[in-house]
Every structure is written in C-alpha cells, then in structure tokens.
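Counting convention: from 1, in listed order, for ligands and their atoms alike. Throughout, numbering of the chain's residues begins at 1 and tracks the sequence.
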Amino acid sequence: MTNPLDFTGKRVLVIGGSSGIGNGIAQGFRARGAEVYVTGTRPDEGDYLEAEDSDLTGLGYRQLDVTDRDGAAALAADFGALDVLVQCQGIVRYGRKEFERPGWDDVIEVNLNSVADCAWAFHPALGESDGTMIVVSSVAAFKSVIGNPAYAASKAGAASLVKTLGEAWARDGIRVNGIAPGLVPTKLTAVTTQHPERLEASLRSIPLRRMGTPEDMAGAALFLASPLSSYMTGQTLVVDGGLTLS
Ligand SMILES: NC(=O)c1ccc[n+]([C@@H]2O[C@H](COP(=O)([O-])OP(=O)(O)OC[C@H]3O[C@@H](n4cnc5c(N)ncnc54)[C@H](OP(=O)(O)O)[C@@H]3O)[C@@H](O)[C@H]2O)c1
C-alpha cells in the first residue's frame, strides 16, 4: 500500500518559506521526500544563516519580494513543474500604524494582493499537475484584532480567496485549502512571545496551554496536500490549540 504522506517526486514551493511557519512547512515536505523550494526577501540563502527560526538545509532558495507586483510571474516563468504551492508570506504593523493609509497599504499588499498574484502566476503549473494550493491565513480571519485592522481584513480576504478559488479551480483539477494558525513563536509574533507577561496572558486563553509550532502547522499542510484530503477544497483549517473556541 502506498503511503499517502510520501511526497517523493513532488515539487513544492513555499512562498515565505525562509523563516517561521513557512520554513517548518517546507522542512516537513522535505522530510517526506519532496523537492522543496522556498522564497524570502533577502538576496541570498546565506543571508539567513544567523536567523533563529530559519533552516534552509536541503531546500532550494529563490528571492521574491512580493511588493514587486510582477515578481511572482517572473518567478513562475522559469520555475517549471509544481505540485504544491504554499503561500505563507505575511507581515503585521504594530503601534496603530494599520489605522493609517501607509500601514494599511503595506499589510494588504503583502498579505492579500500578493496571494492573488502568486495564485495567478502558478495557476498554469498547478493545472498541469492536478496540484494543490494552500494559503496560510490566521485565526484573525474570523475575529476582530483590536490593534490590527489591516492584518485582520487581509486574513479574512485570504480565507475568502480560498473559498472562491476552491470553487473556481475545481474544474482545473486543483484543490485550494487554507490553514488558520493561532499563536506560533516567530519573528512576526516576537512582540508577544518574547514578552513574559503578554505570553502568559496569551497562554491562559489557549485551552491546550501551549503555543503552536511550525511543525504543528506542517502537519495540517501535509494533510491538505495529500490524498488524505482528496475530497476537500475551499476550506480553511483552524489550527490554534482551541484559542478561538470561546
Ligand atoms: N506566527 C503566528 O502566530 C501566526 C499566526 C497566524 C498566522 N500567521 C501567518 O503565518 C504566515 C507566516 O508568518 P510567520 O509567523 O512564520 O512569520 P515570519 O517568520 O516573519 O515569516 C514571514 C515570511 O513572509 C516573508 N515575507 C515578508 N514580507 C515579504 C515580502 N514583502 N515579500 C515576500 N515575502 C515576504 C518573510 O520573508 P523574510 O524571512 O525574508 O522576512 C518570511 O518568509 C504569515 O502569513 C502570518 O500572517 C502567523
């Protein structure tokens, strides 16, 4: 019997896989036999050697700054075959910056507009392979985030895009699903996770009483890219230790 979680022979691209959750997802696919590529904003993979939550061992690296709206199409033009596209790029702006246009625009550009750009760019390759796209949004897609209106709106938009593309691309043989993480310690959340009092307060609101890990998110991504989820499309899995249950 073949192992549904064996990705040998599959090509996987993780946008925003240079660090944090995307990096954990990339390493999860690599550990199960896939040929995995990641993108990050820095020119060269060597630029991540010192980074704490980045392990590029065994991964191909491509530079992509998604604020260049033509960047995804340029990457897709010479990327070749693709079975799984994971979109894990994301930013947040603290200090009420998202309540003004520059901060709002920055976050919407990276967290929502670029998800569409990458989807359009890799749609042909995914159609060729009967592939899968996975979009990492957030529990913020489904609730208010008091200091971050752009982050919450961008993630709601990303989860919405998963639904519509799930329906629209079904006829092309492509499944589209999402993951909504709760709290995972990365450079995006260091403002909370490296602040003992804020971290303690956050942990009190998580029924499983721990933060999530990039490996926890990889588990969901592997399932969504595998035949184990062959009858799922347009759905976003909440992976939050129970954070949003009450
Ligand atoms: N951590 C959490 O608790 C949490 C919770 C819910 C959802 N999420 C979502 O999970 C995803 C990954 O976040 P993370 O927590 O793992 O943070 P992270 O470690 O900061 O990873 C973010 C990734 O996005 C890339 N990126 C940032 N700006 C970009 C740009 N302009 N163009 C292209 N790539 C860009 C980063 O590249 P560089 O490494 O070069 O900066 C990195 O690869 C995000 O969509 C985030 O919103 C995270």
Side-chain angles (χ1 to χ4, degrees), residues 13-27 37-56 59 61-72 74-75 86-94 98 105-115 117-118 121 134-143 145 148 150-159 161-162 178-194 198-199 202-203 205-206 210-218 220-221 236-241 243-244:
L13 174 63
V14 184
I15 307 292
S18 53
S19 64
I21 292 173
N23 192 245
I25 290 174
Q27 289 294 356
Y37 296 81
V38 297
T39 74
T41 58
R42 302 182 193 174
D44 191 84
E45 58 190 293
D47 298 325
Y48 291 94
L49 280 176
E50 306 291 312
E52 233 175 56
D53 56 353
S54 180
D55 173 11
L56 299 187
L59 308 174
Y61 179 78
R62 301 278 190 277
Q63 183 183 23
L64 174 65
D65 183 336
V66 295
T67 61
D68 166 9
R69 294 294 298 270
D70 298 318
L75 176 65
V86 181
Q87 296 217 45
C88 208
Q89 66 274 34
I91 58 169
V92 64
R93 293 280 184 262
Y94 294 111
E98 293 183 13
D105 284 352
D106 285 353
V107 172
I108 297 293
E109 192 79 340
V110 174
N111 294 10
L112 181 57
N113 290 339
S114 86
V115 178
D117 291 340
C118 293
I134 297 167
V135 176
V136 177
S137 60
S138 167
V139 291
F142 308 111
K143 61 190 198 68
V145 182
N148 298 96
Y151 188 80
S154 68
K155 294 300 185 179
L161 195 59
V162 164
I179 298 171
L183 182 63
V184 180
T186 66
K187 67 182 182 320
L188 192 100
T189 51
V191 67
T192 302
T193 60
Q194 291 184 9
R198 286 184 207 141
L199 176 59
S202 294
L203 289 176
S205 62
I206 302 173
R210 68 168 177 87
M211 291 186 278
T213 63
E215 292 73 26
D216 290 323
M217 305 305 137
T236 291
L237 287 180
V238 175
V239 187
D240 70 349
L243 172 68
T244 50

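Polar contact check, T67 against ligand 1: no nitrogen or oxygen pair lies under 3.5 Å apart. In terms of polar-atom proximity, G182 is counted as a contact of ligand 1, with an N or O under 3.5 Å from an N or O of the ligand. Looking at ligand 1, you won't find any N or O of N111 less than 3.5 Å from one of its N or O atoms. Residue-to-ligand polar distances place V184 within reach of ligand 1: an N/O pair is separated by less than 3.5 Å. Among the atoms of P181, none of the N or O lies under 3.5 angstrom from an N or O of ligand 1.
Residue contacts with ligand 1: M217 is excluded, as none of its non-hydrogen atoms falls under 4.0 Å.
Side-chain contact between L183 and T189 is present, with heavy atoms from C-beta onward closer than 4.5 Å. R210 has its side chain within reach of D216: a pair of non-hydrogen atoms, C-beta onward, lies under 4.5 Å apart. You'll find the side chain of F142 reaches within 4.5 Å of the side chain of T236, heavy atoms only. Counting heavy atoms from C-beta on, the side chains of E45 and V38 never come closer than 4.5 Å. No side-chain heavy atom of Q89 sits less than 4.5 Å from a side-chain heavy atom of T39. S18 places none of its side-chain heavy atoms less than 4.5 Å from the side chain of T41. Looking at N148 and Y94, their side chains come closer than 4.5 Å, going by heavy atoms from C-beta outward. With a 4.5 Å cut-off on side-chain heavy atoms, V115 and N111 do not count as touching.
Taken to the nearest 0.5 Å, the CZ atom of R69 stands 4.5 Å off from the CD atom of E109. Taken to the nearest 0.5 Å, the CD1 atom of I179 stands 8.5 Å off from the CD1 atom of I21. For the atom pair S137 OG and L112 CG, the distance stands at 11.0 Å (nearest 0.5 Å).
The distance from ligand 1 to the heavy atoms of V110 drops below 4.0 Å at these ligand atoms: 31 (N). For ligand 1, the atoms sitting less than 4.0 Å from at least one non-hydrogen atom of T189 are 1 (N), 2 (C), 3 (O), numbered in the order shown with element in parentheses. Those atoms of ligand 1 with a heavy atom of L183 less than 4.0 angstrom away are 3 (O). Applying the 4.0 Å criterion to heavy atoms of I91 picks out, from ligand 1, the atoms 27 (C), 28 (N).
No side-chain donor-acceptor contact under 3.5 Å links D117 and S114. Of the N and O atoms on the side chains of S19 and K187, at least one donor lies less than 3.5 Å from an acceptor on the other residue.
Considering only non-hydrogen atoms, atom 13 (O) of ligand 1 lies nearest to C88 out of C88, A141, G20. Of the listed options G40, G22, P43, G90, G90 places a heavy atom closest to atom 24 (O) of ligand 1. Taking each of S137, P185, S138, A180 in turn, the one with a heavy atom nearest to atom 9 (C) of ligand 1 proves to be S137.
Regarding atom 32 (N) of ligand 1, its nearest protein heavy-atom neighbour is V66 N, 2.8 Å. At the shortest separation from atom 39 (O) of ligand 1 among protein heavy atoms lies S18 OG, 2.7 Å. Closest to atom 31 (N) of ligand 1, if we only count protein heavy atoms, is D65 OD1, 3.0 Å. The closest protein non-hydrogen atom to atom 15 (O) of ligand 1 is T186 OG1, 2.6 Å. Distance from atom 35 (C) of ligand 1 to its nearest protein heavy atom, with residue and atom name: T41 CG2, 3.5 Å. At the shortest separation from atom 41 (O) of ligand 1 among protein heavy atoms lies K187 NZ, 3.2 Å. Scanning all protein heavy atoms for the shortest distance to atom 47 (O) of ligand 1 gives Y151 OH, 2.6 Å. The protein non-hydrogen atom at the shortest distance from atom 48 (C) of ligand 1 is I21 CD1, 3.5 Å.
Using a 4.0 Å cut-off between heavy atoms, L64 contacts ligand 1 through its backbone alone, with no side-chain atom that close.
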